[in-house]
Amino acid sequence: MANPIVQLPLSEGAKRAAALRSAHAPEDDGPKSSMKEVTIPPAEPKGEKEVGQWSPSSWQFKPMKQSVTYPNQLAVENSLKKLESLPPLVTPHEIMKLRAELKEVALGNKFLLQGGDCAELFDYCSAEPIDGKIKVLLQMSLVLVWGARIPVVRIARMAGQFAKPRSSLTEVVDGREIPSFRGDNINGYLPHEREPDPGRLVSSYFHSAATLNYLRSQLSSGFADLHHPFSWTLSHVQSDHIRLEYQSIVNSITDALSFMHTIGADTSPSINTADFYTSHEGLLLEYEQSLTRLLPDPTTGVPKYYNTSAHFLWIGDRTRQLDGAHVEYFRGIENPIGIKIGPTISGPDLVQLLDIVNPTKAIGKVTLITRYGASLVAQKLPEHIKAVQSSGHNPVWQCDPMHGNTFISPPPHSLKTRRFADIIAELSDCLLIHKKHGSRLGGVHLELTGENVTECVGGSERLEENELNRKYETYCDPRLNMNQALDAAFLVAAYYRGGGVGVGVADM
């Protein structure tokens, strides 16, 4: 006798999301209109309870940017049904532990390091690339601990950072306009894979779960044990005096670890392992809704809503509209959240945004991730600092010096890239401007990889534009390679040690 088929339930919110995501499907064979930049109109509320009150699906009654339309409503329903039945990827205890740590960052007692791929690929769910990112983030955090003399909170853009907002939702390939690649959880990179596939939502869950499982097993198995520190390879550094400067920092770190071992002071659990938290941009709200669960608060036992797809999520600069769907969703979850802040937002609008997502002004609940570009940071950041200070909010201020400094390299390669000097210039200005205005930069947010790619120019290895095609592997935005990421950590450490963050940049 055959076993009966398990019938998974489908919530009304998921059913409505599936309908929203399928209602605007194109009917011809031309370029998919769903991939054009339009604002998807909200669903019609069915009753008073759906107006004003928050629920995991109340975002559906708000206009939405960067939306995705799927060709088959039933397929979307099946994917969301499956996601709603799967167990959480992270727990409320872990989420609230990170929120407590970010409160310490906001109060100036810790420093936040966040980094990882621009957009993860499913193929990155493999031991070597995961190990590479863990290693570079651990090395960077060790350098920052040495320089700033405060603990470092580590958040990886990992185990879920699959989707990316795009400034252009179509592109021309071989003379034909097709949808842009928007991340492995939406569509594929090859031209014939560009139609959005809701089955990828479920695939993204399982790739996130496998990545998170491997990350946890590595950390519990001694991967981050400082009794066995990583080898520090500085052969890539072209400048003799920068190499000597870096070597002196490495020597100081290894000497300190050796001294602690000698006197028996290296028995703390923090010497044997390290906390890592996961994060991604909360772009696909149908996915985030499906993994939002009503669970007991680990301290009070009171049921609250947690997004269990990651410890930390952020709203992008393109989706932070005050009346938009993303802001509506983010205002109701207990997770610590980030908001990307670019040069187009005014001080009053920034304060209003904070009031919406954090009405109780909980310290460290929100991380403001500024991304202006090196040429605009001095013009825009002071206004934003003053507005937030006068509002009574106390967020974590974090600098993303990557996204505002992108350009296209000259022909014949014409590749999207970034200058290391521009990245450090924006970071340096952020540090100095915060200090000048009685504020504090609490962290840095970098797109990086543990591999030796050639996607950003400059750094201590002096990578030039004509070398970009040597190992240009990104499917979206250019990332710092392992050497350039360590360069950034060394320069920030030098700032906190009194040397100024710009020391040596002229030689990079």
Side-chain angles (χ1 to χ4, degrees), residues 109-115 131-154 218-219 222-276 420-421 423-424 427-428 431 441 443-444 446 448-452 456 458-463 480-508:
N109 300 322
K110 294 187 177 183
F111 189 86
L112 172 59
L113 171 64
Q114 189 169 4
D131 284 344
K133 285 187 278 285
I134 299 173
K135 178 179 177 179
V136 71
L137 288 170
L138 284 170
Q139 284 189 326
M140 292 176 72
S141 65
L142 196 56
V143 171
L144 292 170
V145 167
W146 175 87
R149 289 294 193 267
I150 58 174
V152 171
V153 180
R154 306 167 194 86
Q218 283 292 78
L219 294 176
F223 189 87
D225 192 340
L226 294 183
H227 292 99
H228 310 288
F230 302 112
S231 60
W232 296 87
T233 302
L234 300 176
S235 59
H236 69 279
V237 181
Q238 299 297 310
S239 166
D240 289 338
H241 82 267
I242 292 178
R243 189 185 308 111
L244 289 172
E245 183 180 331
Y246 284 6
Q247 190 62 58
S248 69
I249 295 176
V250 171
N251 291 343
S252 296
I253 293 171
T254 53
D255 286 348
L257 292 172
S258 177
F259 175 75
M260 291 172 65
H261 177 69
T262 301
I263 65 173
D266 58 348
T267 58
S268 168
S270 62
I271 299 293
N272 302 316
T273 188
D275 286 329
F276 262 87
F420 184 80
I423 292 168
I424 295 302
L427 181 55
S428 175
L431 285 161
L441 182 66
V444 62
L446 301 170
L448 55 84
T449 177
E451 301 169 48
N452 198 25
C456 294
S460 59
E461 59 187 316
R462 295 177 179 173
L463 188 69
L480 299 176
N481 62 31
M482 183 172 186
N483 298 329
Q484 293 166 329
L486 284 172
D487 287 338
F490 281 127
L491 291 169
V492 173
Y495 167 84
Y496 282 107
R497 300 290 285 182
V501 74
V503 174
V505 174
D507 295 303
M508 299 184 183

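- Here the shortest heavy-atom pairing between Val136 and Ala485 reads CG2-CB, 3.8 Å.
- Here the CE-CG distance, from Met140 to Leu480, works out to 7.5 Å after rounding to the nearest 0.5 Å.
- Atom NZ of residue Lys133 and atom CG of residue Asp131 lie 10.0 Å apart, to the nearest 0.5 angstrom.
- Judged as a side-chain contact (heavy atoms from CB on, under 4.5 Å), and not counting sequence neighbours, the contacts of Ala148 are Ile150, Tyr496.
- Contact check for Arg154 versus Leu137: no side-chain heavy atoms found under the 4.5 Å cut-off.
- In this structure, Asp275 CG and Ser141 OG are separated by 11.0 Å, a value rounded to the nearest 0.5 Å.
- Counting heavy atoms from C-beta on, the side chains of Gln484 and Leu448 never come closer than 4.5 Å.
- Test Leu144, Asp487, Leu441 against Val492 for side chain to side chain contact (heavy atoms under 4.5 Å, CB included) and you get one pass: Leu144.
- When all heavy atoms of Trp146 and Ser252 are compared, the closest pair comes out as NE1-CB, 3.4 Å.
- Taken to the nearest 0.5 Å, the CG atom of Leu486 stands 9.0 Å off from the NZ atom of Lys135.
- Residues passing the side chain to side chain donor-acceptor pair (under 3.5 Å) test with Asn452, sequence neighbours excluded: none.
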